[in-house]
Visitor: 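I'd like to ask you about the structure that follows.
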Amino acid sequence: MQLRVNQAGELAATLIYTAQTPPLVRTHPHLRPLMKHMYDQEAGHFKTFNELLAKHRIRPTVMYPVWKVAATALGWSTAVMGREAAMACTEAVETEIGEHYNGQVRILLEWMKQMEEKGEEVGQEITDLVKNLRRIRDEELEHLDHAIEHDAKEAQPYGLLTSVIRGGCRAAIWISEK
């Protein structure tokens, strides 16, 4: 399971929102509740994966310091570019993360199915993990919806910005898996 990758991604999400919020709410104060809501959910996801890493004695990725700097820089720079760019960042990140969590859920469900076909009992821990991954994925996709509702697609240059961010997310996932 990719608990280490998930934990690193949730760290990045909290840092992106932390860096985006001050510049965004300075110019768009009405976004404060939305930014707080999304941050609070990401902080909850981060807490969940921190607990799972501790429980299973998994160390965080050695890239942790790099991801901290990169996420903060991404959040701040997109917020400075404007509301639309910040929302495009959220859209791009959450698109990749939603796909990442979907892949994990599919793998676990297939594994559970194979266990049941062999007559093995599926433990509560795996069932709970699937439930948590689905909840977290759904909350990430909610953030994606919020970003689109707040004009993510109006960012200039939208295509380039989201392609670069999505590529960066895929690279970060790949590196964190190693």
Side-chain angles (χ1 to χ4, degrees), residues 1-18 37-72 74-75 78 87-149 152 159 161-178:
M1 184 48 28
Q2 298 185 355
L3 298 176
R4 176 183 298 131
V5 176
N6 297 352
Q7 188 256 7
E10 299 303 340
L11 165 73
T14 62
L15 293 171
I16 288 169
Y17 287 127
T18 297
H37 169 72
M38 292 191 298
Y39 172 85
D40 288 348
Q41 285 184 322
E42 298 294 359
H45 304 165
F46 185 51
K47 180 178 183 279
T48 296
F49 289 114
N50 282 337
E51 290 168 356
L52 286 168
L53 259 62
K55 178 179 180 178
H56 295 285
R57 297 178 179 213
I58 301 169
R59 65 172 177 73
T61 177
V62 297
M63 298 298 292
Y64 208 88
V66 174
W67 297 157
K68 287 174 81 170
V69 171
T72 300
L74 177 61
T78 55
M87 293 299 158
C89 174
T90 296
E91 178 190 351
V93 169
E94 302 300 16
T95 297
E96 289 302 319
I97 298 308
E99 290 174 10
H100 178 71
Y101 285 137
N102 270 337
Q104 290 180 43
V105 169
R106 276 193 296 275
I107 289 168
L108 286 171
L109 290 175
E110 181 59 32
W111 189 39
M112 291 167 67
K113 179 182 170 193
Q114 290 171 2
M115 289 176 70
E116 289 171 348
E117 287 171 354
K118 292 178 186 175
E120 297 174 5
E121 185 176 331
V122 175
Q124 190 62 44
E125 189 168 3
I126 293 174
T127 303
D128 289 344
L129 180 58
V130 170
K131 180 180 165 189
N132 274 324
L133 286 173
R134 284 178 162 161
R135 176 187 54 79
I136 290 169
R137 177 211 50 211
D138 291 349
E139 289 174 358
E140 303 292 2
L141 295 177
E142 174 191 314
H143 301 172
L144 169 65
D145 292 341
H146 290 313
I148 292 170
E149 290 165 8
L161 185 61
T162 56
S163 293
V164 168
I165 294 169
R166 288 184 69 181
C169 288
R170 286 190 298 273
I173 290 168
W174 183 81
I175 291 167
S176 293
E177 288 174 339
K178 303 304 169 205

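The basis for the numbers below is simple: all heavy atoms, side chains too, and nothing from hydrogens, waters or symmetry mates.
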Visitor: Does any non-hydrogen side-chain atom of W67 lie less than 4.5 Å from one of I175?
Guide: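 When only atoms from C-beta onward are counted, W67 and I175 do touch, with a gap below 4.5 Å.
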Visitor: Is it the case that atom CD in E121 sees more than 12 heavy atoms from other parts of the structure closer than 6.0 Å?
Guide: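 No.
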Visitor: With heavy-atom distances below 4.5 Å as the criterion, would you say the side chains of Q7 and Y64 are in contact?
Guide: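 Yes, their side chains come closer than 4.5 Å.
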Visitor: Would you name the heavy atoms of P65 and V62 that are closest together and state the gap between them?
Guide: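 For P65 and V62, the tightest heavy-atom pair comes out as CD-O, 3.5 Å.
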Visitor: I need the minimum non-hydrogen distance between A8 and S176, along with the two atoms involved.
Guide: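 That closest heavy-atom pairing would be CB-OG, 4.2 Å.
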Visitor: Would you mind telling me which of R166, R137, R106 makes a salt bridge (Lys or Arg N to Asp or Glu O under 4.0 Å) with E99?
Guide: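 Result for salt bridge (Lys or Arg N to Asp or Glu O under 4.0 Å) with E99: R166.
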Visitor: With I16 as reference, evaluate T90, T78, V93 under the side-chain contact (heavy atoms from CB on, under 4.5 Å) test and give the passing residue.
Guide: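 It is V93; the other options fail the test.
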Visitor: In Å, rounded to the nearest 0.5 Å, how long is the span from CZ of R134 to CG of L109?
Guide: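 So the CZ of R134 and the CG of L109 are separated by 5.0 Å.
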Visitor: Apply side-chain contact (heavy atoms from CB on, under 4.5 Å) to the pair E177 and I173, showing each step before the final yes or no.
Guide: CA-CA 6 Å; E177 288 174 339; I173 290 168; 3.7 Å; yes
Visitor: Which atom pair, heavy atoms only, marks the closest approach of L15 to A71?
Guide: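 For L15 versus A71, the nearest heavy atoms are CB-CB, 3.9 Å.
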Visitor: Say you draw a straight line from CG of L3 to CD of Q104; how long is it, rounded to the nearest 0.5 Å?
Guide: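 Taking CG in L3 and CD in Q104, the distance rounds to 7.5 Å.
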Visitor: In Å and rounded to the nearest 0.5 Å, what is the CZ to CD1 distance from F46 to I136?
Guide: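 The CD1 atom of I136 is 12.5 Å from CZ of F46, to the nearest 0.5 Å.
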Visitor: Relative to each other, are the rings of H37 and H143 parallel, tilted or perpendicular (30° and 60° limits)?
Guide: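 It falls in the perpendicular class, over 60°.
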Visitor: Do side-chain atoms of R4 reach the backbone of R59 as a donor and acceptor pair under 3.5 angstrom?
Guide: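 It does hold such a pair.
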Visitor: To the nearest 0.5 Å, what is the distance between NE2 on H45 and CG on N6?
Guide: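 Rounded to the nearest 0.5 Å, the NE2-CG separation comes to 11.0 Å.
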Visitor: To the closest 0.5 Å, what do you measure between SG (C89) and CG (L74)?
Guide: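 Rounded to the nearest 0.5 Å, the SG-CG separation comes out at 4.0 Å.
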Visitor: State the CG-OG1 distance between D40 and T14, to the nearest 0.5 angstrom.
Guide: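 Reported value, rounded in 0.5 Å steps: 11.0 Å.
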Visitor: Kindly indicate whether the side chain of L144, heavy atoms from C-beta on, has any atom under 4.5 Å from the side chain of T95.
Guide: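 Result yes, sub-4.5 Å side-chain heavy-atom pair found.
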Visitor: Would you check if E94 and M38 make a side-chain contact, meaning some heavy-atom pair closer than 4.5 Å?
Guide: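 Answer no - side chains too far apart.
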Visitor: Please tell me if the side chains of E10 and E140 come closer than 4.5 Å, counting only heavy atoms from C-beta onward.
Guide: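 Answer yes - side chains close enough.
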Visitor: Does any part of the side chain of N132, heavy atoms only, come nearer than 4.5 Å to the side chain of L52, both counted from C-beta?
Guide: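 Answer no - side chains too far apart.
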Visitor: Please, which pairs that meet side chain to side chain donor-acceptor pair (under 3.5 Å) have at least one residue in residues 108-119, sequence neighbours excluded?
Guide: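 As it turns out, the side chain to side chain donor-acceptor pair (under 3.5 Å) pairs with a partner in residues 108-119, which skip direct neighbours, are E110-Q114.
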Visitor: Could you tell me whether the side chain of E91 reaches within less than 4.5 Å of the side chain of I165, counting heavy atoms only?
Guide: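 The answer is no; the side chains never approach within 4.5 Å.
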Visitor: With a 4.5 Å heavy-atom cut-off, do R135 and T48 have their side chains touching?
Guide: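 Yes, side chains in contact.
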